[in-house]
*Asks:* 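Have a look at this one.
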4 protein chains.
Amino acid sequence: MPEARDRATKRKRLKEQRETQILDAAARVFARKGYERATTREIASEAGLSEGTIYNYFDSKRHLLIAMAVRLALDSLQELDSLPPMEDEQAHVTALITNRFELLLSNLDLVRALMPQILVDDDLRQEYMTKVLSPAISYLGEYLKKREVAGAFRKVKADFVARAMIGAVMSFGFLWLQQPSDLDERSRDELVSEMVGLFLDGLRVRPSEQKDRQS
Amino acid sequence: MPEARDRATKRKRLKEQRETQILDAAARVFARKGYERATTREIASEAGLSEGTIYNYFDSKRHLLIAMAVRLALDSLQELDSLPPMEDEQAHVTALITNRFELLLSNLDLVRALMPQILVDDDLRQEYMTKVLSPAISYLGEYLKKREVAGAFRKVKADFVARAMIGAVMSFGFLWLQQPSDLDERSRDELVSEMVGLFLDGLRVRPSEQKDRQS
Amino acid sequence: MPEARDRATKRKRLKEQRETQILDAAARVFARKGYERATTREIASEAGLSEGTIYNYFDSKRHLLIAMAVRLALDSLQELDSLPPMEDEQAHVTALITNRFELLLSNLDLVRALMPQILVDDDLRQEYMTKVLSPAISYLGEYLKKREVAGAFRKVKADFVARAMIGAVMSFGFLWLQQPSDLDERSRDELVSEMVGLFLDGLRVRPSEQKDRQS
Amino acid sequence: MPEARDRATKRKRLKEQRETQILDAAARVFARKGYERATTREIASEAGLSEGTIYNYFDSKRHLLIAMAVRLALDSLQELDSLPPMEDEQAHVTALITNRFELLLSNLDLVRALMPQILVDDDLRQEYMTKVLSPAISYLGEYLKKREVAGAFRKVKADFVARAMIGAVMSFGFLWLQQPSDLDERSRDELVSEMVGLFLDGLRVRPSEQKDRQS
DNA sequence: CATGAATGAGACTTCATTCAT
DNA sequence: GATGAATGAAGTCTCATTCAT
């Protein structure tokens, strides 16, 4: 019965398409209005569907948000494996930060929709912490420890420092949330390299460099 | 008529007391439920007053939030002048970070009440940006530039780096928001010194230190 | 064209079968949830069909209920003719009551589905009154009058008494509606004979019997 | 502080008055439309209040119904003690039936509102059974047993017969539900006496009477 | 000044019904 | 004939705000 299978496949595809359509619309409206002040009516109209249809695909307004958290979690875990070798700290950290910035920028609507509610909704925060934030912190913490053992990095409290680094990166997201990315390619690179410099070498002028200057 | 003045003073004091009473209650309820899901009824009951009374002191529920932003702004500007001399970078940055942490921890309810709504409410965010965040970034940026000129710090994009540092510090606030301060005095000091180390010296082992190690 | 007729017959049978299938499912769901809280979706799933299909056989959800009333009406009129001779009042009334109890018990789902809505839906009640209740009352009223004329029964307001008797019988249905028939064969017989005794002889001890007792 | 007490009393009275006002309106609307098809909007308008106000006094639409059940339960228990002596069976049973008829007629809206939903709502039915129906059946059953022991009534299954009698009486309520009480005082008396006759003496002509007739 | 009863707009969600496939 | 996705009207309930007492 290839026909039957065809129909089933088609139906499934249609379903996924609708879900995406609704989720995209919801992300935009949530991003504009915030979760609470967004109305299902506006989401429906943004999606070009009727309100009832939304409820054929999602159980409740809140489930729209949860689905977004899942989406973001999936996106956040990709590509962490195809990074430059960790022996080259400069390249590795640069890639890491770039990758996080890209995650942020390419999911800006999603993040803007999610973030405020994460601060308020316990379950949602749980989801975000375990699926998005904790993995990132873990990865970075492990990396710090390995490079320390290899003698490349100083001895630090890896979890504190990892959190601080991620917080620093994400705080730019906080800024972008409000001024939609007036950041061109070039200045983003500058930003990344500045951050890498900060994290790897700190602010203080090194004694050797000091000598160079003084001479 | 000293009597009249007394009465006026008394009245004013009473008014301020009521406002504080209401604002404290509101901060707690907003912190628990989030702005949208908090009800004026619950705030009134938390304050031990009736709903009507709230409206004798504040124009609307939203004005409660705005008043909180003002409160936080006032707090945030205090004591930035009584810092250790900037020539001692270690001490100065340590004091800076400690000061921000303390601001965060002593206003946790306020921050928790405010933060989600700042991401969503444009006016409120404006207020927060100009009164709280920008001053901090400006101060830090200026400091970085001065120390660079003095030859103590490397040449960096001061505004980028300032933002990153503040983001790093505040990201711990984000954590504390959900696990009310299980952070004892001692580990907070550790945290601060770890951050200072990160910002001043970076992660990379310095050549001189490397030699020490190798020997 | 016998073929054509065959096909037509077959089609008709299929149609009736589908209608029964749907009506049975609807009766069960209505019995469980009540008419208003039953959904066409649940009825469809209970019938193993899709929602759309229901509307190929019935005009609306409400028509399902009407069809049930018709079914009940048809059932209720059967067998009233094959009763024992009315000269034997004991046997006749026993048969009458037994017959009503059986109607009730064998249509319990139907009755449970119908009854609440009959109290609320005017058209439906009309249907029920004219097709089910009134015939029963009429029959019983006629019977009472005939036996009165024959000198077997006292002179009573036949319509009042008929209603009361039917109400008494049906009130047990009301009980069974909620405790699905924990009534075994034996106690049902007892119940019937108790009712017959009540209606024929009343509660009061007869003077003759009194004498028997006293002696 | 008599003033304060006054105000509290006044407020309480106002509250009770509002509750009655709302409950009366709800009873009428439920009686007209049935519970499910009645809307809170219509109830509010019938009560001359806004929808919101209803929810200041009752938690939900369903709680309106529950409050009605409570009202009916309270009414139903009154006056059962001030009946004629049970030695005079004729008078006692007459008073009993009259009392039930009056309960029915004076709460017709309430009953009409409640009855359909009782068949459908499990909790509500529980309430009705324990608070209204069971006490009545118990009382009547006890009475039958006592009179049997006293030699006035035949030996019957008291619970069966009690239920049947109550069912018979209530079935008239069922009729009245739809044709609002076209029953004048006089025919109600007739009805009662007919019922009393049926229950006490049954239908069958008594041998002694038969003789009278024949003679 | 404080109170809290009343308001009414508006939100989320359900579900009978239709119709293209 | 069967399907089930889409519809959209309608309903219950919440809550910030007002105002008479």
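Below, chain A is the first sequence line, B the second, and so on; all start at residue 1.
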*Asks:* Which part of the nucleic acid does Arg37(D) contact within heavy-atom distance under 4.0 Å: base, sugar-phosphate only, or nothing?
*Replies:* nothing
*Asks:* For Phe58(D), give me all partners under side-chain contact (heavy atoms from CB on, under 4.5 Å), at least two apart in sequence or on another chain.
*Replies:*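 For Phe58(D), the residues satisfying side-chain contact (heavy atoms from CB on, under 4.5 Å) (neighbours in sequence not counted) are Glu19(D), Ile22(D), Leu23(D), Leu64(D), Ala67(D).
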*Asks:* In dot-bracket form, 5' to 3', how is DNA chain E paired? Count Watson-Crick and G-U wobble pairs only if both distances fall under 3.5 Å, and write | where the partner sits on another strand.
*Replies:* .||||||||||||||||||||
*Asks:* Strictly below 4.0 Å, N to O, side chains only: are Glu36(C) and Arg37(D) in salt-bridge contact?
*Replies:*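 Result for this pair is no, no salt bridge flagged.
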*Asks:* Would you kindly compare Ala38(A) and Thr39(C) by the position of their nearest DNA chain E nucleotide and give the one closer to the 5′ end?
*Replies:* Ala38(A)
*Asks:* Which residue pairs pass the ring-ring contact (aromatic ring centres under 6.0 Å, His included) test with at least one member in residues 109-129 of chain C, sequence neighbours excluded?
*Replies:* none
*Asks:* Tell me, which of residues 40-57 of chain D have any heavy atom that sits under 4.0 Å from an atom in DNA chain E?
*Replies:*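 Going residue by residue through residues 40-57 of chain D, the ones with a heavy atom under 4.0 Å of DNA chain E turn out to be Leu49(D), Ser50(D), Gly52(D), Thr53(D), Asn56(D), Tyr57(D).
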*Asks:* When rounded to the nearest 0.5 angstrom, what is the spacing between CZ in Arg71(C) and CG in Leu110(C)?
*Replies:*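 It is 6.0 Å, given to the nearest 0.5 Å.
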*Asks:* Could you pull out all residues at least two apart from Arg62(D) that satisfy side-chain hydrogen bond (donor to acceptor under 3.5 Å, both in side chains)?
*Replies:* Asp121(D)
*Asks:* Please work out which residues in residues 19-33 of chain C have a non-hydrogen atom less than 4.0 Å from an atom of DNA chain E and list them by number.
*Replies:* none
*Asks:* First and last nucleotide of DNA chain F in contact with chain A, 5' to 3', at under 4.0 Å to a heavy atom: what are they?
*Replies:*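 Taking any atom under 4.0 Å from a heavy atom of chain A, the span is dG4(F) to dG8(F).
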*Asks:* How long is the line joining CG of Leu65(A) and C1' of dC12(E), in whole Å?
*Replies:* 15 Å
*Asks:* List in chain and number order the residues that pass side-chain contact (heavy atoms from CB on, under 4.5 Å) with Ser50(D), two or more places apart in sequence or in another chain; answer none if no residue qualifies.
*Replies:* Thr53(D)
*Asks:* Once side-chain hydrogen bond (donor to acceptor under 3.5 Å, both in side chains) is applied, do any residues pair with Asp122(D), and if so which ones, sequence neighbours excluded?
*Replies:* Arg125(D)
*Asks:* Return the minimal non-hydrogen interatomic distance between Leu65(A) and Ala113(A), and the atom names on each side.
*Replies:*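 Between these two residues, the closest heavy atoms are CD1-O, 4.1 Å.
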*Asks:* Apply side-chain contact (heavy atoms from CB on, under 4.5 Å) to Asn56(B) and list each qualifying residue two or more places apart in sequence or on a separate chain.
*Replies:* none
*Asks:* Round to a whole Å and report the spacing from CG of Leu64(C) to P of dA16(E).
*Replies:* 10 Å
*Asks:* Where do Leu124(C) and Ala69(C) come nearest, in terms of heavy atoms and distance?
*Replies:* CD1-CB, 4.2 Å
*Asks:* Reading DNA chain F from 5' onward, which residue's closest nucleotide shows up sooner: Glu36(B) or Arg18(C)?
*Replies:* Arg18(C)
*Asks:* Quick one: side-chain hydrogen bond (donor to acceptor under 3.5 Å, both in side chains) partners of Lys15(D), sequence neighbours excluded?
*Replies:* none
*Asks:* What pairs of residues pass the salt bridge (charged side-chain N to carboxylate O under 4.0 Å, His left out) test when at least one of them lies in residues 46-57 of chain B, not counting sequence neighbours?
*Replies:*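 Passing the test, one end in residues 46-57 of chain B: Arg28(B)-Glu46(B), Arg32(B)-Glu46(B).
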*Asks:* Could you state the OH-P distance from Tyr35(A) to dA11(E), rounded to the nearest angstrom?
*Replies:*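 It is 14 Å, rounded to the nearest whole Å.
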*Asks:* I'd like to know if the side chain of Lys131(A) reaches the main chain of Leu72(A), judged simply by a donor and an acceptor atom lying under 3.5 Å from each other, with no hydrogens or angles considered.
*Replies:* no
